[in-house]
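Single-structure report; data block below.
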Amino acid sequence: MSDSIPNPVSSSDHIRGAQDATVTIVEYGDFECPNCKQAAPAVAVIMKHFEGRVRLVFRHFPLEEVHPHALLAAEAAEAAAAQGRFWEMHDRLFDSQPRLQLPRLRELATDLELDLKRFSEELRDHVHVPRVREDVAEGRRLAVRHTPTFYVDGALCDVSFGVQLLERAVEKALRP
C-alpha cells in the first residue's frame, strides 16, 4: 500500500456517526464482496461502542473483475443517496448479497419508499457512475487492492487478520 492518505472528508461523502467525531474511519468497500459483508456488523458494533467519538465514511471500490454486480450496486446506493437514503440502502445491499441484480435493487428501492421512477432512470442512465469512479480513482491512488480497506485518521488499518484490529486502531486514535 501507498504512504498516501485518503482525501479529506467532504460534504459529498457518506458519513455515519457524529459529524464532529474525534476519529474518522474511511472504508473502501464493495457491496458484492463477502469480506465487506462480513465486516459490516463488526463495524456497526465499533460505531455503537465509540458512539459520538467515531464517524464512518464509506467510499466505493467495486471490484468489477470479480464482482459483476458491484458497480450497479454502488450506483443503486448513490441513487438512494440522491433521495437521502444512502445508509439504509447500504445496509440492505449487504443483507441482499449475493442477489444484487436489477430486479432486487428495485425491490430494495421500493422497500425504502424511494421514487422508483427516478431511481430506475438514474440506474438506466448511469447518472452516478462518475461519483463511483471518483472513489475508485482515489482508492487506486492509495493502492487499494482489496475490500474492505480501512483507514483510521488517515492511517491504513490492515484487517486481514480480523476486524478487531480496527477496534484497536480506533482505541489507539482516541488516546490523548
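It should be emphasised that the depicted structure is a prediction, and the values quoted were computed from it without experimental measurement.
Classification of R16 and D91 as a salt-bridged pair holds, one side-chain N sitting under 4.0 Å from a carboxylate O. Salt-bridge formation is not detected for the pair R92/E88: no Lys NZ or Arg NE/NH1/NH2 atom is positioned less than 4.0 Å from an Asp or Glu carboxylate oxygen. Salt bridge status for R131 with E138: absent, with no side-chain N to carboxylate O gap under 4.0 Å.
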Report, one line per pair, each donor and acceptor closer than 3.5 Å where one atom sits in a side chain of residues 40-47; sequence neighbours left out.
none

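Dense packing is recorded around CD of E121, with more than 12 heavy atoms of other residues, nucleotides or ligands lying under 6.0 Å away.
For the pair L71/R133, a side-chain contact is recorded, criterion being any heavy-atom separation below 4.5 Å from C-beta on.
Side-chain N/O atoms of H128 and E75 include no donor and acceptor closer than 3.5 Å. Between the side chains of Q97 and H69, no donor-acceptor pair of N or O atoms lies under 3.5 Å.
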Stepwise, does the side chain to side chain contact (heavy atoms under 4.5 Å, CB included) test hold for D13 with V26?
-> CA-CA 10 Å; D13 276 307; V26 175; over 6 Å; no
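With hydrogens and angles ignored, the 3.5 Å screen pairs no side-chain donor or acceptor of E64 with any backbone N or O of A70. Although no hydrogens or angles enter the test, the distance criterion places a donor-acceptor pair under 3.5 Å between the side chain of W87 and the main chain of I15. With hydrogens and angles disregarded, no donor-acceptor distance shorter than 3.5 Å links the side chain of R59 to the backbone of E134.
Taking the six-membered ring where the residue is Trp, F58 and F86 present tilted rings, their angle falling between 30° and 60°.
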